[in-house]
Number of protein chains: 2
Amino acid sequence: MNVQNAQTWQGVQNEVLRRIHAREWKPGDLIPNEAELAKEFGCARPTVNRALRSLAERGLLERRRKAGTRVAAQPVAKATLNIAVIRHEVEDRGARYGYQLALREVRIAPTHISAALGVGVQERLLHVMALHLSNDMPYALEDRWINTVHVPGALEQDFRSISANEWLLLNVPYTRGEIAFAARPATAENAKHLNCPENSALLAVNRLTWDHDQSVTAVQVLFAPGHQMRTQI
Amino acid sequence: MNVQNAQTWQGVQNEVLRRIHAREWKPGDLIPNEAELAKEFGCARPTVNRALRSLAERGLLERRRKAGTRVAAQPVAKATLNIAVIRHEVEDRGARYGYQLALREVRIAPTHISAALGVGVQERLLHVMALHLSNDMPYALEDRWINTVHVPGALEQDFRSISANEWLLLNVPYTRGEIAFAARPATAENAKHLNCPENSALLAVNRLTWDHDQSVTAVQVLFAPGHQMRTQI
DNA sequence: CGTGTTTTTATGTATATACATAAAAGCATG
DNA sequence: CATGCTTTTATGTATATACATAAAAACACG
């Protein structure tokens, strides 16, 4: 038996991974149950459970009670992107971070924003636009609407030295959110701020966050042309 | 004490989440250790461990041995995108999937491809371009290079009825990969296939996969204009 | 022979306990 | 007082055990 030190859950996981990669267990195959694996590896069932659960979370195994555990037929690669505070993102790349407030106004929002935030169409909301810089070059343009009905404190902030991005994260909790990635052509205004040609292809990240049933903020972050978001799978 | 049924790890997790959201425990705060929480909730320490570990994986807590557990000062939102087989992606949206092979050739790859795949610049690789359709409309354009040195079997496939996307996933294992998201302007060729204006902003997903130390494939998937990738956080 | 009920079974989870390990803090020693 | 060793402590993990639960399979019954 080619069983290495599989007394730890990582050991079990490695051995299971090896068998999947070596196609000893093929996509779609039912694998032995936890008790059998525990016996084979000479460890306790919870140890096997920990290993298999973790692989299932990564999408490599599919588990169903009673039905057993099978190798995912077509594993769905899960790309986890870290959406950090933009300042940290810049600083982590070893660059100097800069910040410029471009606009701060309180006004009636476009209907797609008030609809997304679930507020009345006549509601006046806080609108903030800001440019994030990396080594003095435009890095990302943040276009944000804040639901001041739920976050009145935002009205007292001028967002000149701290970005809304950072202030909200520090001061306003949220329980859930939605995030969408898309490509968008730069508008004339985007182009002016990001210092790029109009209609450049920009990576756009749209976020909508909620605190229980109250919307908090809707934001679009447009990255300068050529920007990439990377991750391992 | 406002402690609900926290005898399960989900219960503990919910209560911890509530305290974080209610700012009873503020960002950066050190929270009580596992043993204390277990005592407070009237459950065993492993139950608390399970709850806190899971929250740490989601980025809401930061844990260090001996140092204790603290609420993440600036929680990094983790957006997990599911990168499935394109056919499934289309079918899951309730649309009719279509597939057209656009190109299949064996030739010397551009240097950025041979470099990425770690093969000699003179190596002839398999190049496949294919269009994925949703209800007969262009959905995504797949531009793929396959390392035939490591995956010779690919040469026997004509990829006319099954996409390289799907064939590889079913037949060639990989142990790790890299994925990058970006926005790109449509080239004349992209525009022709995707039936969109040249220079349209396209969402591009680039993947590079490896089986241990052997590269498998490098692929760029360009989605039709307006495409969004969404997820919850 | 189909349908509803019971049984079986595999995973899911909780617990008490024990030991491992990383790292901070304290202590000792030059 | 600085440096290196020791202790302490919080998390990390393993185990035996037990019970919960979902769902497939078997069964019974009209």
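Both backbone and side-chain heavy atoms feed into the values below; hydrogens, waters and symmetry mates do not. Here is how names work: the chains are called A, B, and so on, in the same order as the sequence lines, proteins then strands, and each is numbered from 1.
Taking the side chain of A/C43 as heavy atoms from C-beta on, and the options D/dT15, C/dG12, C/dA14, the nearest nucleotide is D/dT15.
A/H88 pairs by the side chain to side chain donor-acceptor pair (under 3.5 Å) definition with B/Q74, not counting sequence neighbours. Taking A/A115 as the reference, nothing meets the side-chain contact (heavy atoms from CB on, under 4.5 Å) condition, with sequence neighbours excluded. A search for salt bridge (Lys or Arg N to Asp or Glu O under 4.0 Å) contacts involving B/R23 returns nothing, not counting sequence neighbours. Not counting sequence neighbours, the partners of B/A182 by the side-chain contact (heavy atoms from CB on, under 4.5 Å) test are A/Q228. Partners of B/D92 under the salt bridge (Lys or Arg N to Asp or Glu O under 4.0 Å) rule, at least two apart in sequence or in another chain, do not exist in this structure.
Counting only residues at least two apart or on different chains, the salt bridge (charged side-chain N to carboxylate O under 4.0 Å, His left out) pairs with a member in residues 54-69 of chain B are B/E34-B/R63. Note on residues 144-156 of chain B: pairs passing side-chain hydrogen bond (donor to acceptor under 3.5 Å, both in side chains), not counting sequence neighbours, are B/E142-B/R144, B/R144-B/T217, B/N147-B/S215. Applying the salt bridge (charged side-chain N to carboxylate O under 4.0 Å, His left out) test to every pair with at least one member in residues 159-168 of chain A, sequence neighbours left out, gives these pairs: A/R87-A/E166, A/D158-A/R160. Within the structure, side-chain hydrogen bond (donor to acceptor under 3.5 Å, both in side chains) pairs that include any residue of residues 170-183 of chain B comprise A/R230-B/E178 (at least two apart or interchain).
Residues from residues 51-61 of chain A lying near DNA chain D, meaning a heavy-atom separation below 4.0 Å, are absent. Non-hydrogen atoms lying under 4.0 Å from DNA chain D are contributed by B/N33, B/E34, all within residues 24-35 of chain B.
Phosphate contact (OP1/OP2 of C/dG12, side-chain N/O of B/Q10, threshold under 4.0 Å): absent. In this structure, A/T69 does not reach the C/dA10 phosphate: none of its side-chain N or O atoms is under 4.0 Å from OP1 or OP2.
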Nucleic acid footprint by protein, nucleotides 18-27 of chain C - heavy-atom cut-off 4.0 Å, B for base, S for sugar-phosphate alone: B--BSBS---

